[in-house]
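Let me begin by presenting the structure, written as structure tokens, before commenting on it.
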There are 2 protein chains.
Amino acid sequence: MGEERHGRTVVRTITDLARLAGVSPGTVSRALAGKSLVNAKTRARIEALAREHGFRPNQMASGLRRQRTGVIGVAIPLGHDTRQQISDTFFMTLLGHLADELTHEGYDLMLRRVVPDADGDWLDRFIGSGMIDGVIVIGQSDQFARIEEVAEGYRPMVVWGNHQEGQRHCVVGSDNRLGGRLAAERLIAAGARQIAFLGDATAIEFAARRAGAADVAARFGLPPLVTLPTHLSPERASEEIAAHLAAHAGRIDGIFAATDTLAALCLTALRARGVAVPGAVRLVGFDDLPIARQTVPPLTTIRQDIAAGARGLVDLLLRRIAGEATESLILPPELVVRETA
Amino acid sequence: MGEERHGRTVVRTITDLARLAGVSPGTVSRALAGKSLVNAKTRARIEALAREHGFRPNQMASGLRRQRTGVIGVAIPLGHDTRQQISDTFFMTLLGHLADELTHEGYDLMLRRVVPDADGDWLDRFIGSGMIDGVIVIGQSDQFARIEEVAEGYRPMVVWGNHQEGQRHCVVGSDNRLGGRLAAERLIAAGARQIAFLGDATAIEFAARRAGAADVAARFGLPPLVTLPTHLSPERASEEIAAHLAAHAGRIDGIFAATDTLAALCLTALRARGVAVPGAVRLVGFDDLPIARQTVPPLTTIRQDIAAGARGLVDLLLRRIAGEATESLILPPELVVRETA
DNA sequence: CGAAAATCTGCAATCGTTTGCAATTTGCCC
DNA sequence: GGGCAAATTGCAAACGATTGCAGATTTTCG
């Protein structure tokens with residue numbers, strides 16, 4: 001420690017700096033932490049030296065001692081459909097906003113993709129690492145049970161996803177069922193009679209969207225929804241959609257897609273078959289991603305307010321870290337009418 | 001420590017576990033680290049106990065002692081165009097692949113968005129935090145000089161971006177100039193005579209793309225490129241593009257967009273003006289993002305192999321961490337012909 | 001059987017920072 | 001100037017894991 005370099009003492013530790021300033025390490029620590037216990041002049045001197053030598057206290061050591069790291073973990077569980085989510089526009093936008101919010105609150109963000117099937121222990125591992133002060137889980141995937149279990153004993157966790165009656169873990173998410181209702185109402189208003197749901201209805205959020213749409217179909221006395229399951233990755237989904245359209249040609253006049261991404265693919269497939277949209281088939285998406293404005297014709301969709309979601313996640317998490325008990329936050333989605341329905 | 005809970009001793013530290021196993025903390029540490037110095041039976045016993053109590057060593061303490069954290073920092077400098085990049089599909093896809101690769105190599109990923117204008121010190125702060133073993137910077141933005149300066153004294157850093165003659169920092173990126181050449185050649189082959197470059201040519205990568213296109217225009221004896229500067233965020237870009245098209249109506253017959261995202265917006269704007277593509281105006285994008293397949297008509301573009309880029313970044317970084325000196329890695333982009341040129 | 005070699009295990013220092021407590025200095029008032 | 005309170009500072013013990021070294025145990029072999 002304290003070797004010469006560039007003709008200037010290199011100061012790596014608070015002790016180095018203390019020696020330079022002629023005080024004890026404790027005082028340096030207090031000065032840099034901005035505590036009121038140090039003399040103003042002493043502090044100024046120490047701060048100047050720190051700046052001059054580009055010194056920054058080691059966060060690992062600080063974290064260890066204070067039992068708080070200033071890092072929030074963000075876990076993205078990937079379902080069977082591995083490759084998808086991390087490049088999915090919706091999740092990525094959410095992640096971007098999360099990064100903003102967390103930075104703003106002075107936290108760093110540790111990102112971890114997890115493949116629950118391959119590693120049943122993912123959540124405990126993340127939490128138990130001692131590296132994070134709290135965790136945000138983006139998407140429940142098929143891990144609802146696991147998350148519930150952990151929520152029992154670990155408070156600082158908030159999850160993006162769907163809310164179920166009586167669940168224990170704190171969740172932030174859209175009212176998917178309501179979104180589904182809005183979508184179906186619009187399809188019907190635009191003239192649809194036989195509605196199909198496009199997407200993997202085993203995913204819990206999607207199931208809720210579908211259920212909302214089914215509610216409305218039933219209320220209007222229409223035939224039950226047809227489900228057209230797909231994967232989320234564009235490559236596979238394209239083929240699957242084409243197959244579905246071929247199989248149900250002429251028998252479906254309204255499609256509610258689980259996602260704008262799927263809706264856009266579906267639109268391309270419909271065009272390829274020469275089906276008029278919204279003339280012969282009406283189409284509604286979900287999310288209101290940028291792509292929704294760019295399709296031809298532009299997509300009618302259900303908007304989720306991603307920024308508000310991120311704010312909610314961070315806000316609730318910080319309150320839980322502070323020890324508060326918090327309710328889940330359910331955001332209302334909103335119908336955006338463009339031209340496909 | 002070692003209090004009762006759920007009728008089972010809670011073991012938080014390696015010392016707790018040692019007490020339970022009737023050995024010393026040192027032995028537990030060695031057993032859990034999989035060192036060969038512990039007796040097979042002792043190790044088995046310790047491992048069983050650890051599993052049973054869900055014990056995981058504290059990474060902060062471990063990191064402090066070993067002077068290595070197992071975390072790689074990923075910094076995303078945001079230029080003036082703040083909101084954009086983190087939700088930009090290209091960067092996010094790259095981030096996804098990075099997460100994959102790093103996880104695969106046993107590293108965690110710490111994500112930090114930085115606004116260099118507001119915080120001139122961003123890179124040193126990140127590096128000096130003691131929280132990361134190395135750093136990947138995604139995009140040079142306008143921070144070329146700052147990065148160069150830091151590269152001088154800090155080895156474990158790799159940057160995604162453009163390569164300049166004689167630069168010091170290790171970079172991975174596409175050969176943007178070559179990409180620009182490919183784009184221009186295609187535009188010309190498709191019949192363009194007056195080519196425009198769409199995008200912010202002050203960004204270093206974009207400038208290189210533009211330069212490549214300009215090379216080709218000159219070689220073919222065509223008039224110099226017209227530059228149509230835009231922001232990257234879709235909202236602002238839309239208007240700007242519309243204005244540009246209005247200003248240059250009929251005088252441009254080929255557009256090279258810095259990005260597929262811009263190209264898609266441009267296509268929409270062209271459609272709105274009733275301009276035939278590729279009949280009256282040819283259009284080539286860059287990146288080959290998913291949206292390139294979905295526009296109408298689908299976009300001719302220059303593909304960057306994002307996965308290869310991520311692999312390169314991680315590979316080079318790990319080698320630098322290990323102390324190797326490494327060359328930069330320049331990947332060849334590739335023309336993908338679809339229907340807009 | 002005994003000694004040397006090989007294998008395990010424990011001890012205690014260490015990583016760099018924070019913080020309770022005690023010691024010291026300074027300021028203030030009579 | 002003395003005495004007391006307030007303001008600063010130093011001391012040393014944490015935080016939890018790792019690891020060089022030395023002591024203890026077992027194995028090997030002549």
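Below, chains carry the letters A, B, ... as their sequence lines are ordered, and counting in each starts from 1.
Proximity of B:Ser24 to the phosphate of C:dT9: no side-chain N or O atom is located under 4.0 Å from OP1 or OP2. At the phosphate of D:dG16, neither OP1 nor OP2 sits under 4.0 Å from any side-chain N or O atom of B:Thr13. Proximity of B:Ser62 to the phosphate of D:dT18: a side-chain N or O atom is located under 4.0 Å from OP1 or OP2. Checking the phosphate oxygens (OP1, OP2) of C:dT9, no side-chain nitrogen or oxygen of B:Thr27 falls inside 4.0 Å.
One can place CZ of B:Arg56 at 20 Å from C1' of D:dT18, the figure rounded to the nearest angstrom. Rounded to an integer number of Å, the gap from CZ of B:Arg66 to P of D:dA17 is 13 Å. Taking atom CZ on A:Arg68 and atom P on D:dA14, their separation rounds to 23 Å, with Å as the unit. Atom NZ in A:Lys35 sits roughly 15 Å away from atom P in C:dT17 (whole-Å rounding). Rounded to a whole Å, the CZ atom of A:Arg12 is 9 Å from the C1' atom of C:dG16. At whole-Å resolution of the value, CZ in A:Arg65 and P in D:dA17 are 16 Å apart. A:Gln67 has its CD atom 10 Å from the P atom of D:dA17, to the nearest Å. Rounding to whole angstrom units, CG of residue A:Leu64 and P of D:dA13 are separated by 17 Å.
For the pair A:Val23 and B:Arg30, nearest-nucleotide mapping onto DNA chain D gives the more 5' position to A:Val23.
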Practice item. Give the intermediate values and the outcome of side chain to side chain contact (heavy atoms under 4.5 Å, CB included) for residues B:Val172 and B:Arg311. Key: CA-CA 10 Å; B:Val172 174; B:Arg311 270 197 306 278; over 6 Å; no
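Picking from C:dT18, C:dT9, D:dG16 the nucleotide with the shortest atom distance to the side chain of A:Ile14 gives C:dT18.
Annotation: side chain of A:Arg112 is not in contact with side chain of A:Trp122 (no heavy-atom distance under 4.5 Å).
No donor-acceptor distance shorter than 3.5 angstrom exists from the side chain of B:Asp108 to the backbone of B:Val71, with no hydrogens or angles considered. In terms of modelled atom types and a separation under 3.5 Å, the side chain of A:Glu148 and the main chain of A:Gln167 share no donor-acceptor contact. In terms of modelled atom types and a separation under 3.5 Å, the side chain of B:Asp133 and the main chain of B:Gly70 share a donor-acceptor contact. Judged purely by atom type and a 3.5 angstrom limit, A:Thr103 uses its side chain to pair as donor or acceptor with the backbone of A:Ala99.
Less than 4.0 Å separates DNA chain C from no heavy atom of any residue of residues 37-48 of chain A.
Every residue two or more places apart in sequence or in another chain was checked for a ring pair (Phe, Tyr, Trp, His ring centres under 6.0 Å) with A:Tyr154, and none qualifies.
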